[in-house]
Amino acid sequence: MSFLKPKTHIEKGDVVILYLSVSSMHAIEAVPEIVNKKGETIPHIFQTNYGSLKVENIIGVEYGSRVELSKGWAHVLQPTPELWTQTLPHRTQIIYTPDISMILHQLEVRPGAVVIESGTGSGSLSHYFLRALKPTGHLHTFDFHESRADQARDEFRRHGLADFVTVYHRDVCNLGFTEELDGQADAVFLDLPAPDLAVPHAFKALKLSGGRFCSFSPCIEQSQRCIQELTKLGFNEIVSMEVLQQESVVKTRTLPVIDLEFLKLPKSEETTTTTAANAEESKAPKEVKKYLTSSNPQVLPGHTGFLTFATLPPNIPKV
């Protein structure tokens, strides 16, 4: 029940983020015992780079607390979609926070909205959708791979989110989003190899009052074909973009101060004055000033994917 609402203390069955450092975090389930590969029930001992943790000892501990490991210590945190994205078990390639933030903003996801997502994959984006939709909205998420759909359904249940999401095992490119969802969605999101095949089904699923559409594609050709289908069906405000997160490196630099007084003198006096000034300068310590500067890092982020957004205007006939 970790994702349902804010909590103060760890309860049995919670998903807990064991935080060692920014680059080392683990999601663990707060249960005292687990079943090993031999089918035997054994104490739940979690191994880290800083030693082992007896998971039973964290049940009842306050979230945010520091816990002792056999060779060091860590912090126990309540999971958020951001932390879950960094620690979840990967069933597919996932979408990360820079793209997700733009998707949520452009699709205008809010409490009470109905959102359709395909495919579910590892559920990274799904958890962000659910946080934004609760407590009165609903997510309908589709995956063509049956075992992935089953895993996602079980994961949402264990996280306490089952009341806000319905998981479907279905090929939406060929079969659509089911007749029950025709005209029900405020927004549709696609993460598919051939999104253009699902655009007509997204058109049918969006409300008669209109709605927002987004497709994530790693290749520009996929995005181009998607845009062609969107245009045919009467979508407008079509835009395709790439979101790159770039760090700004801020640091203090120390620079020497250049004496430009000689520029104020007539040329006849310039040579004599400059020679004398250079002699004095060699004896005296150089004046320096400190400046706060900002620059881009040497290595820039690489390509993730293209986000194609569009708006379906209201009252377009759906034949």
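What you are looking at is a predicted structure, and each value in this text was computed from that prediction instead of being measured.
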**Message:** Please determine whether side chain to side chain contact (heavy atoms under 4.5 Å, CB included) holds for the pair V76 and I17, giving the CA-CA distance in whole Å, both sets of side-chain angles, and the decisive distance to 0.1 Å.
**Reply:** CA-CA 6 Å; V76 284; I17 304 299; over 6 Å; no
**Asked** Between H145 and H169, do the side chains contain an N or O donor and an N or O acceptor separated by less than 3.5 Å?
**Response** no
**Prompt:** Is any side-chain N of the basic residue among R91 and E155 closer than 4.0 Å to the acidic one's carboxylate O?
**Reply:** yes
**Request:** Determine whether the side chains of H138 and T166 contain a donor N or O and an acceptor N or O closer than 3.5 Å.
**Result:** yes
**Asked** Among side-chain atoms of S24 and Y19, is any donor-acceptor pair under 3.5 angstrom?
**Response** no
**Message:** Less than 4.5 Å apart, side chain to side chain, heavy atoms only: is that true for V188 and L206?
**Reply:** yes
**Request:** Give me the ring orientation class for H127 and F156: parallel if the planes are under 30° apart, tilted from 30 to 60°, perpendicular past 60°.
**Result:** tilted
**Message:** If the test is side-chain contact (heavy atoms from CB on, under 4.5 Å), which one of V67, L77, T87 qualifies with L18?
**Reply:** V67
**Item:** Joint cluster assignment, V172 & V114, ILVMFWY side-chain distance < 4.5 Å
**Value:** no
**Prompt:** Regarding Y168 and H140, is there a side-chain donor-to-acceptor distance under 3.5 Å anywhere?
**Reply:** yes
**Contact check, side chains of E229 and T231, non-hydrogen atoms, under 4.5 Å** = no
**Request:** Would you check if there is a donor-acceptor pair between the side chains of T304 and D99 at a distance under 3.5 Å?
**Result:** yes
**Message:** When you compare the side chain of K204 with that of F177, does any pair of heavy atoms fall below 4.5 Å?
**Reply:** no
**Message:** Ring-plane angle category for H90 and Y96, please: parallel below 30°, perpendicular beyond 60°, tilted otherwise.
**Reply:** tilted
**Item:** Pairwise side-chain contact, V35 with E40, heavy-atom cut-off 4.5 Å (strictly under)
**Value:** no
**Request:** Could you tell me whether the side chain of V199 reaches within less than 4.5 Å of the side chain of C226, counting heavy atoms only?
**Result:** yes
**Student check: side-chain heavy atoms of L292 and V250 closer than 4.5 Å** = yes
**Prompt:** Any side-chain donor-acceptor pair under 3.5 Å between E117 and S126?
**Reply:** yes
**Cluster link L88 to L139, ILVMFWY, side chain under 4.5 Å** = yes
**Prompt:** So does R212 pair up with D186, basic N to acidic O under 4.0 Å?
**Reply:** no
**Common cluster, L192/F213, ILVMFWY with side-chain heavy-atom separation under 4.5 Å** = yes
**Side-chain heavy-atom pair T92, R148 within 4.5 angstrom cut-off** = yes
**Asked** Counting heavy atoms not belonging to E33, are there more than 12 under 6.0 Å from its CD?
**Response** yes
**Hydrophobic cluster identity match, L104 and F164, side-chain contacts under 4.5 Å** = yes
**Message:** Could you check whether S223 and S240, counting side-chain N and O atoms only, form a donor-acceptor pair closer than 3.5 Å?
**Reply:** yes
**Message:** Please determine whether a side-chain nitrogen of the Lys or Arg among K7 and D14 lies less than 4.0 Å from a carboxylate oxygen of the Asp or Glu.
**Reply:** yes
**Message:** Quick one, I28 with L53, criterion side chain to side chain contact (heavy atoms under 4.5 Å, CB included). Give me CA distance, side-chain angles, the key distance, then yes/no.
**Reply:** CA-CA 11 Å; I28 60 175; L53 169 70; 4.0 Å; yes
**Message:** Taking the side chain as everything from C-beta on, heavy atoms only, tell me whether E82 gets closer than 4.5 Å to T85.
**Reply:** no
**Prompt:** Would you call K12-E56 a salt bridge at under 4.0 Å N-O?
**Reply:** no
**Request:** Could you tell me whether Y50 atom OH has more than 12 heavy atoms of other residues or ligands within 6.0 Å of it?
**Result:** no
**Prompt:** Under 4.5 Å between side-chain heavy atoms, hopping through other hydrophobics if needed: is there a path connecting V243 to I94?
**Reply:** yes
